[in-house]
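FYI, side chains are in, hydrogens and waters are out, and symmetry mates aren't considered; it's all heavy atoms of this structure.
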Amino acid sequence: MTRFKQSIEQGYVKVISPDKIKAKSLVKSADEAIYSAKKIPLEPNTLKSIIRELYEGLRQFCEAIGYLKSYKFLSHEAITYFIEEILNEPKLSAKFDRYRKIRNGINYYGDDVSEETVKEALIEIPEVIEQLKKHIKSI
């Protein structure tokens, strides 16, 4: 059994009716989060905020795809499996998971993040979203 199917069985993903309205709203929110992250000045005291905002945009975009494909995620880790196994995007899944772990480290353990990592994320996360756009036909 795939990890995504396990996530469904364990209640981390709900199978729902497709919801274009929610998907459209989440895409808009994702765009706004990425836009905001790019506007925050790159300073030692803003690095965590930039990463959080970038990750939030990426997560919302992935959730939008989920709503179009009849899934509601109750776990960020399940999104990793969704990207890999349902969208068949293992490289993008690995990138999502990397930023999920960085964001979790910041949020739950007070981890610091380097300026280099943030600069990389400012480029890479919008690129990941761009590559995922092919999974959103028209909403």
Side-chain angles (χ1 to χ4, degrees):
M1 176 183 302
T2 67
R3 292 180 299 174
F4 187 69
K5 281 195 174 123
Q6 280 180 319
S7 296
I8 293 170
E9 282 191 5
Q10 294 167 348
Y12 296 118
V13 177
K14 283 187 178 170
V15 179
I16 57 163
S17 297
D19 191 334
K20 280 189 174 186
I21 293 165
K22 261 199 184 109
K24 200 172 199 170
S25 177
L26 281 164
V27 167
K28 184 176 184 284
S29 292
D31 288 344
E32 289 168 359
I34 299 300
Y35 176 85
S36 296
K38 290 178 176 179
K39 290 289 183 193
I40 299 170
L42 197 63
E43 300 167 359
N45 291 337
T46 62
L47 299 176
K48 291 179 183 182
S49 296
I50 295 168
I51 283 285
R52 281 191 197 105
E53 231 15 63
L54 286 169
Y55 174 77
E56 184 70 4
L58 176 57
R59 182 192 58 75
Q60 288 174 323
F61 194 85
C62 292
E63 288 196 0
I65 298 170
Y67 275 109
L68 291 175
K69 297 195 178 286
S70 303
Y71 299 111
K72 176 177 172 55
F73 306 114
L74 304 172
S75 150
H76 294 199
E77 192 171 9
I79 298 171
T80 303
Y81 308 145
F82 170 76
I83 298 167
E84 182 178 352
E85 298 168 14
I86 303 301
L87 301 183
N88 197 26
E89 299 277 7
K91 286 181 181 154
L92 299 182
S93 173
K95 288 178 183 183
F96 176 88
D97 202 43
R98 174 174 180 246
Y99 289 111
R100 179 185 70 80
K101 288 174 181 170
I102 290 169
R103 179 264 189 187
N104 283 357
I106 290 167
N107 276 9
Y108 304 120
Y109 307 106
D111 291 355
D112 285 325
V113 62
S114 72
E115 187 173 321
E116 199 51 48
T117 298
V118 174
K119 284 180 179 174
E120 196 177 290
L122 279 161
I123 295 165
E124 196 168 43
I125 289 178
E127 285 175 352
V128 170
I129 291 172
E130 201 52 46
Q131 290 171 46
L132 287 169
K133 282 186 178 173
K134 67 178 170 253
H135 297 284
I136 290 187
K137 303 290 186 275
S138 59
I139 49 170

**Request:** Could you walk me through whether K72 and K22 pass side chain to side chain contact (heavy atoms under 4.5 Å, CB included), step by step?
**Result:** CA-CA 11 Å; K72 176 177 172 55; K22 261 199 184 109; 6.0 Å; no

hydrophobic_cluster_shared for [Y] and [X], side chain cutoff 4.5 Å:
{"X": "L42", "Y": "I125", "result": "yes"}
{"X": "L26", "Y": "I65", "result": "no"}
{"X": "F73", "Y": "V15", "result": "yes"}

Working to the nearest 0.5 angstrom, can you tell me the gap between [X] [atom1] and [Y] [atom2]?
{"X": "K38", "Y": "L122", "atom1": "NZ", "atom2": "CG", "result": "8.0 Å"}
{"X": "K133", "Y": "I129", "atom1": "NZ", "atom2": "CD1", "result": "7.5 Å"}
{"X": "L47", "Y": "I40", "atom1": "CG", "atom2": "CD1", "result": "10.0 Å"}
{"X": "I16", "Y": "K14", "atom1": "CD1", "atom2": "NZ", "result": "9.5 Å"}
{"X": "I83", "Y": "N88", "atom1": "CD1", "atom2": "CG", "result": "12.0 Å"}
{"X": "T2", "Y": "I86", "atom1": "OG1", "atom2": "CD1", "result": "6.5 Å"}

Using side-chain heavy atoms (C-beta onward) and a distance below 4.5 Å, is [X] in contact with [Y]?
{"X": "D112", "Y": "K48", "value": "yes"}
{"X": "I136", "Y": "F61", "value": "yes"}
{"X": "S93", "Y": "T80", "value": "yes"}
{"X": "Q10", "Y": "S75", "value": "no"}
{"X": "L92", "Y": "L87", "value": "no"}

**Prompt:** Looking only at atom types and distance, does a side-chain atom of S7 sit under 3.5 Å from a main-chain N or O of V13, one as donor and one as acceptor?
**Reply:** no

**Request:** Might you work through the side chain to side chain contact (heavy atoms under 4.5 Å, CB included) test for D31 and K28, ending with a clear yes or no?
**Result:** CA-CA 5 Å; D31 288 344; K28 184 176 184 284; 5.6 Å; no

**Request:** Assess whether side chain to side chain contact (heavy atoms under 4.5 Å, CB included) is satisfied between R59 and E56, documenting all intermediate values.
**Result:** CA-CA 5 Å; R59 182 192 58 75; E56 184 70 4; 2.5 Å; yes

**Message:** Please determine whether salt bridge (Lys or Arg N to Asp or Glu O under 4.0 Å) holds for the pair K5 and E9, giving the CA-CA distance in whole Å, both sets of side-chain angles, and the decisive distance to 0.1 Å.
**Reply:** CA-CA 6 Å; K5 281 195 174 123; E9 282 191 5; over 6 Å; no

For [X] against [Y], the heavy-atom pair lying closest together:
{"X": "A121", "Y": "I51", "value": "CB-CD1, 3.6 Å"}
{"X": "V27", "Y": "A64", "value": "CG2-CB, 3.6 Å"}
{"X": "P41", "Y": "I50", "value": "O-CD1, 3.8 Å"}
{"X": "G57", "Y": "I34", "value": "CA-CD1, 4.1 Å"}
{"X": "Q60", "Y": "A30", "value": "OE1-N, 3.3 Å"}

**Item:** Within 6.0 Å of NZ in K39, more than 12 heavy atoms from elsewhere
**Value:** no

**Asked** In terms of side-chain heavy atoms, does S114 have a donor or acceptor partner in T117 at a distance below 3.5 Å?
**Response** yes

**Asked** Do S36 and E53 get their side chains close enough for a donor-acceptor pair, meaning under 3.5 Å?
**Response** no

**Residue pair E124, R98: steps toward the salt bridge (Lys or Arg N to Asp or Glu O under 4.0 Å) verdict** = CA-CA 11 Å; E124 196 168 43; R98 174 174 180 246; 3.6 Å; yes

**Identified ring pair (Phe, Tyr, Trp, His ring centres under 6.0 Å) counterpart of H76 within the set Y81, F82, F96, Y55** = Y55

**Pair R3 + E84, salt bridge at N-O below 4.0 Å** = yes

**Message:** Apply salt bridge (Lys or Arg N to Asp or Glu O under 4.0 Å) to residues E116 and K119 and explain how you reach the verdict.
**Reply:** CA-CA 5 Å; E116 199 51 48; K119 284 180 179 174; 5.1 Å; no

**Item:** Near-ring test F4/Y71, centroid separation under 6.0 angstrom
**Value:** yes

**Asked** Does the pair L58 and L132 meet the rule for a side chain to side chain contact (heavy atoms under 4.5 Å, CB included), with working shown?
**Response** CA-CA 10 Å; L58 176 57; L132 287 169; 4.2 Å; yes

